[in-house]
K.L.:
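My questions will all concern the structure given below.
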Amino acid sequence: MSRVLVRDLATKHNETVTIEGWLHKKRLLGGLNFITLRDRSGIAQSLIEDKDEIEKLRGLQIGTVFSLTGMVTPDERAPGGAELHDVKVEVQVPVTDEPPIEIDKPISHKSENLDTLFEYRVLNVRNLQEQKIFKIRASILANIREYLTKNEFVEIQTPKLLAEATEGGAEVFKLDYFDKTATLAQSPQFYKQIMVGAYERVFEIAAAYRAEPSATTRHMTETMMLDIEMGFVSGHDEVLDTVGDMTINTLNRIYSDHANDLKSLNAPELKLPSDGKVPRFTIAKIHEMYEAATKNTVEDKKDLTPDEEKWICEYARKELGSDLVYATEFPLAAAKFYHKRNVENGTVYWGDLLFRGVEIATVPLRENNYQKMVEQMKEAGLDVTHEGFKYYLQAFKYGLPEHGGCGYGIDRLVQKAIGLNNIKEATLFPRDINRLTP
RNA sequence: GGGCUCGUAGUGAAGCUGGCCUAUCACGCCUCCCUGUCACGGAGGAGAUCGCCGGUUCGAAUCCGGUCGGGCCCGCCA
């Protein structure tokens, strides 16, 4: 008999069917035994009264792979309105070892228990509540891909094994590469800019590696980045608007498509601007507002402190009804060699997209003039003849239009969209300074 | 890299101003009872050298030192 999925039982009333899956829960009442089975589409209850049949499950633990064949019987008392009766049990993969964690109940996400969460990740991905997180994550990615593809962005893949760290900023991982030393890409920055020369608009969703010894709730050593780059932009605003619109679009869809799951995960209410425009404040303005409101002093004005990020997000949510806010016009002191500078006001065309208290994307405009690039690289003390820059500079020498894009933290987006406390909770198998397994 | 915290059955917690601790509770597990459970219920049972090493003490889960492993914050970064 061919397999029927749990979600299709509603259409099979009074038919004899076979369902296959994992043992989810046994509730043995003596003569009356309720067995729930989980498959990819949900969980279903079966009623087993035959002593010989229920005996087949004696000593078998949650997770046992089995099939149940029986009559789909409508019954108001059954979850989902129907259950299997006159059931034959067939065990496919018996599990006799007691699982180290309880799979059929919500798993603790308290910060002090996260180590247990990840130690038994292989098992807790079977937990229904845990599965919701990663289904929402999959939907977020699908929505982003759909949005970008619709807007004529071409998805690309670029190498993660590199000869040399080039972008600067974050620390890089080094590894043996035959008789050379290779590094792991901390960003596809150079490659995506090069590809603007081909398609104008490109994006990549891939892992980025950061060797920062950061032990916080928002850092991992391996993180999934969405990188976007678009050419022939009319200015910084167009890039900020595109990334903002994509984010608003994605969050609205997720909150509508996964309303029940988000509610059961205690996600906060989503607040987005009704006009579709993410509110913007300059870095200088945020420093000023923050210092005036909190009486704190910000020592290093190059960037926002974590506390300022939280503060401006709370302000935007409360005063402007927006969970998203842009911090724009970074000071020249923060500029990297590839950034486009605004010489008129001494700032960089660079905005950070903040969401519910953390930075989820950096959204800058790039310098696209070859001569200026070379100058800015020399200013930064970089060797423009170095192999690491040679190919990158070729793209500029042979013509790149004005362009900009973003480096976008997918894990942070998922984390904050659901309202999780730690970025690792939004990641199946997180990598941080002290975890390389599972 | 700096600061602050935590470590007790498989899991989550209580105890931790030293002795009523032969270490408590909940979930899970095992045995038995139970014909409408859905966090099933009831009776019983097994399961912990209190992270590790050393010290103080008549006596240490409890105090002290070291060590290992977590977590949170800062810095750095996305």
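Bear in mind that the values here come from a model prediction, so they are computed numbers and not experimental data.
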K.L.:
Starting at CD1 of A:Ile433 and ending at P of B:G2, how long is that distance when rounded to a whole Å?
P.N.:
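Rounding to the nearest Å, CD1 of A:Ile433 and P of B:G2 are 12 Å apart.
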K.L.:
Please state whether the phosphate of B:C30, meaning OP1 or OP2, lies under 4.0 angstrom from any side-chain nitrogen or oxygen of A:Arg58.
P.N.:
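It does not, given that no N or O in the side chain of A:Arg58 lies less than 4.0 Å from OP1 or OP2 of B:C30.
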K.L.:
Among A:Ile140, A:Leu226, A:Ile205, which residue satisfies the side-chain contact (heavy atoms from CB on, under 4.5 Å) criterion with A:Arg145?
P.N.:
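When A:Ile140, A:Leu226, A:Ile205 are each tested with A:Arg145, the side-chain contact (heavy atoms from CB on, under 4.5 Å) holds only for A:Ile205.
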K.L.:
Within a strict 4.5 Å, meaning less than it, do heavy atoms of the A:Glu425 and A:Ile418 side chains meet?
P.N.:
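A:Glu425 does not reach A:Ile418 side chain to side chain.
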K.L.:
Nearest-Å distance, CG (A:Leu128) to P (B:A39)?
P.N.:
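Going from CG in A:Leu128 over to P in B:A39 covers 13 Å.
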K.L.:
Taking the side chain of A:Thr116 as heavy atoms from C-beta outward, which of B:A78, B:G12, B:C34 is closest to it?
P.N.:
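Selected nucleotide (nearest to the side chain): B:G12.
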K.L.:
For A:Gly409, which contact category applies under a 4.0 Å heavy-atom criterion: base, sugar-phosphate, or nothing?
P.N.:
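Result for A:Gly409 = nothing.
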K.L.:
Paired with B:C72 by Watson-Crick or G-U wobble geometry, both distances under 3.5 Å: which nucleotide is it?
P.N.:
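Checking every strand shown, B:C72 finds its partner in B:G3, with both distances under 3.5 Å.
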K.L.:
Does the side chain of A:Glu222 pick up a donor-acceptor pair with the side chain of A:Tyr209 at under 3.5 Å?
P.N.:
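On atom types as modelled, these side chains qualify, holding a pair under 3.5 Å.
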K.L.:
Counting only heavy atoms from other residues, nucleotides and ligands, does the tally under 6.0 Å from CZ of A:Phe134 exceed 12?
P.N.:
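Yes.
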K.L.:
If you check the A:Glu98 side chain, which of B:C29, B:U11, B:C38 turns out closest?
P.N.:
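Comparing B:C29, B:U11, B:C38 against the side chain of A:Glu98, the answer is B:C29.
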K.L.:
Going by purine N1 to pyrimidine N3 plus the second Watson-Crick contact, or the G-U wobble pair, all under 3.5 Å, which nucleotide sits opposite B:A60?
P.N.:
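None - no nucleotide pairs with B:A60, as no candidate has both distances under 3.5 Å.
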K.L.:
Determine the Euclidean distance between corresponding C1' atoms of B:G75 and B:G19; express it in Å to zero decimal places.
P.N.:
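B:G19 and B:G75 have their C1' atoms separated by 47 Å.
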K.L.:
If we take the P atom in both B:G59 and B:G15, what is their distance in whole Å?
P.N.:
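Between the two P atoms, the distance is 26 Å.
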K.L.:
Is there a donor on the side chain of A:Gln61 or the base of B:G28 sitting less than 3.5 Å from an acceptor on the other?
P.N.:
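Per atom types, no contact qualifies.
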K.L.:
How far does OH of A:Tyr290 sit from CD of A:Glu309, to the nearest 0.5 angstrom?
P.N.:
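Rounded to the nearest 0.5 Å, the OH-CD separation comes to 11.0 Å.
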K.L.:
Considering only atom P, compute the distance from B:G54 to B:U24 and round it to an integer number of Å.
P.N.:
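Rounded to whole Å, the distance is 27 Å.
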K.L.:
Is B:U17 paired to anything, Watson-Crick or G-U wobble with both distances less than 3.5 Å, and if yes, which nucleotide?
P.N.:
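Partner of B:U17: none.
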K.L.:
Quick one, A:Leu5 and A:Arg40 - any side-chain contact, counting heavy atoms below 4.5 Å?
P.N.:
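Yes, their side chains come closer than 4.5 Å.
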K.L.:
Using a cut-off of 6.0 Å, state whether more than 12 heavy atoms not belonging to A:Lys378 lie near its atom NZ.
P.N.:
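Atom NZ in A:Lys378 is not crowded, with 12 or fewer foreign heavy atoms closer than 6.0 Å.
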K.L.:
How is A:Ala78 classified with respect to the nucleic acid when contacts are heavy atoms under 4.0 Å: base, sugar-phosphate, or nothing?
P.N.:
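Base contact.
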K.L.:
Separation of A:Leu29 atom CG from B:U35 atom C1', in whole Å?
P.N.:
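My rounded result for the distance is 7 Å.
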K.L.:
Please give the distance between the C1' atoms of B:C72 and B:C53 as a whole number of Å.
P.N.:
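Roughly 27 Å separates the two C1' atoms.
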K.L.:
Need one value for A:Leu47: base, sugar-phosphate or nothing, where a base atom within 4.0 Å counts as base even if backbone is also close, heavy atoms only.
P.N.:
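Contact class for A:Leu47: base.
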K.L.:
Please give the nucleotide sitting opposite B:G47 as a Watson-Crick or G-U wobble pair, both distances under 3.5 Å, or none.
P.N.:
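Across any shown strand, B:G47 pairs with none.
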K.L.:
What's touching nucleotides 69-75 of chain B from the protein side, N or O pairs under 3.5 Å?
P.N.:
residue : atom : partner  : partner atom : Å
B:G70   : OP1  : A:Asn434 : O            : 3.3
B:G70   : OP2  : A:Asn434 : ND2          : 3.2
B:G71   : O2'  : A:Ser111 : OG           : 3.4
B:C72   : OP1  : A:Asn422 : ND2          : 2.7
B:C73   : OP1  : A:Thr217 : OG1          : 3.4
B:C73   : OP2  : A:Thr217 : N            : 3.3
B:C73   : OP2  : A:Thr217 : OG1          : 3.4
B:C73   : N4   : A:Ala215 : O            : 3.4
B:C74   : OP2  : A:Arg218 : NH1          : 3.3
B:G75   : O6   : A:Ser214 : OG           : 3.4

K.L.:
Say we look at B:C25 and B:G69: how far apart would their C1' atoms be, to the nearest angstrom?
P.N.:
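Per the computed distance, 26 Å lies between those C1' atoms.
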K.L.:
Within the 4.0 Å heavy-atom criterion, would you say A:Glu76 contacts the bases, only the backbone, or no part of the nucleic acid?
P.N.:
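If one applies the 4.0 Å heavy-atom cut-off, A:Glu76 turns out to touch nothing in the nucleic acid.
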K.L.:
What is the distance, to the nearest angstrom, from the CD atom on A:Glu222 to the C1' atom on B:A78?
P.N.:
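Going from CD in A:Glu222 over to C1' in B:A78 covers 14 Å.
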K.L.:
In this structure, how many angstroms lie between the P atom of B:U35 and the NE2 atom of A:His85, rounded?
P.N.:
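Rounded to whole Å, this separation is 16 Å.
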K.L.:
Across all strands, who's sitting opposite B:G10 as a Watson-Crick or G-U wobble pair, both distances under 3.5 Å?
P.N.:
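Here B:G10 is engaged in a pair, and the nucleotide opposite it is B:C27.
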K.L.:
Please give the distance between the C1' atoms of B:A78 and B:C38 as a whole number of Å.
P.N.:
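My reading of the C1' atoms in B:A78 and B:C38 gives 44 Å.
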K.L.:
State the OG1-CD distance between A:Thr36 and A:Gln45, to the nearest 0.5 angstrom.
P.N.:
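Reported value, rounded in 0.5 Å steps: 7.5 Å.
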K.L.:
Using the closest heavy atom to pick a nucleotide of RNA chain B for each, name whichever of A:Gln45 or A:Pro100 lands nearer the 5' end.
P.N.:
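Mapping each residue to its closest nucleotide by heavy atoms, the 5'-most match is A:Pro100.
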K.L.:
Tell me, please, which residues at least two apart from A:Asn252 pass side chain to side chain donor-acceptor pair (under 3.5 Å).
P.N.:
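Partners of A:Asn252 under the side chain to side chain donor-acceptor pair (under 3.5 Å) test: none.
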K.L.:
For the residue pair A:Arg341 and A:Glu367, establish whether any side-chain heavy-atom pair is separated by less than 4.5 Å.
P.N.:
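When only atoms from C-beta onward are counted, A:Glu367 and A:Arg341 do not touch, as no gap falls below 4.5 Å.
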K.L.:
Hey, can you tell me if A:Tyr392 and A:Phe337 have their rings parallel, tilted or perpendicular (30° and 60° cut-offs)?
P.N.:
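Aromatic pair A:Tyr392/A:Phe337 classed perpendicular.
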K.L.:
Between the protein and nucleotides 24-27 of chain B, list every N/O to N/O distance that falls short of 3.5 Å.
P.N.:
residue : atom : partner  : partner atom : Å
B:C27   : O3'  : A:Lys105 : NZ           : 3.0
B:C27   : O2'  : A:Glu102 : OE1          : 2.1
B:C27   : O2'  : A:Glu102 : OE2          : 2.9
B:C27   : O2'  : A:Lys105 : NZ           : 3.0
B:C27   : O2   : A:Glu102 : OE2          : 3.0

K.L.:
Between A:Lys416 (NZ) and B:A78 (P), how many Å, whole number?
P.N.:
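Atom NZ in A:Lys416 sits about 18 Å away from atom P in B:A78.
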K.L.:
Does A:Lys110 put a side-chain nitrogen or oxygen below 4.0 Å from OP1 or OP2 of B:A13?
P.N.:
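So the side chain of A:Lys110 is within the cut-off, an N or O lying under 4.0 Å from OP1 or OP2 of B:A13.
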K.L.:
What interatomic distance, in whole Å, is found between C1' of B:U31 and the corresponding atom of B:G47?
P.N.:
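Per the computed distance, 15 Å lies between those C1' atoms.
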K.L.:
State the pairing partner of B:A39; accept Watson-Crick or G-U wobble contacts with both distances under 3.5 Å, and report none otherwise.
P.N.:
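In the structure as shown, B:A39 has no Watson-Crick or wobble partner.
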K.L.:
Measure NE2/A:His24 against C1'/B:G28 and give the value in whole Å, please.
P.N.:
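So the two atoms are 14 Å apart, to the nearest Å.
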K.L.:
May I have the distance from A:Leu28 (atom CG) to B:G28 (atom P), rounded to whole angstrom?
P.N.:
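Taking atom P of B:G28 as the reference, CG of A:Leu28 is at 12 Å.
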K.L.:
Quantified in whole Å, what is the P atom distance between nucleotide B:U17 and nucleotide B:C27?
P.N.:
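Here B:U17 and B:C27 have their P atoms 29 Å from each other.
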K.L.:
Taking atom CG as the centre, does A:Asp303 end up with more than 12 heavy-atom neighbours from other residues, nucleotides or ligands that are less than 6.0 angstrom away?
P.N.:
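Yes, the 6.0 Å shell around CG holds more than 12 heavy atoms from other groups.
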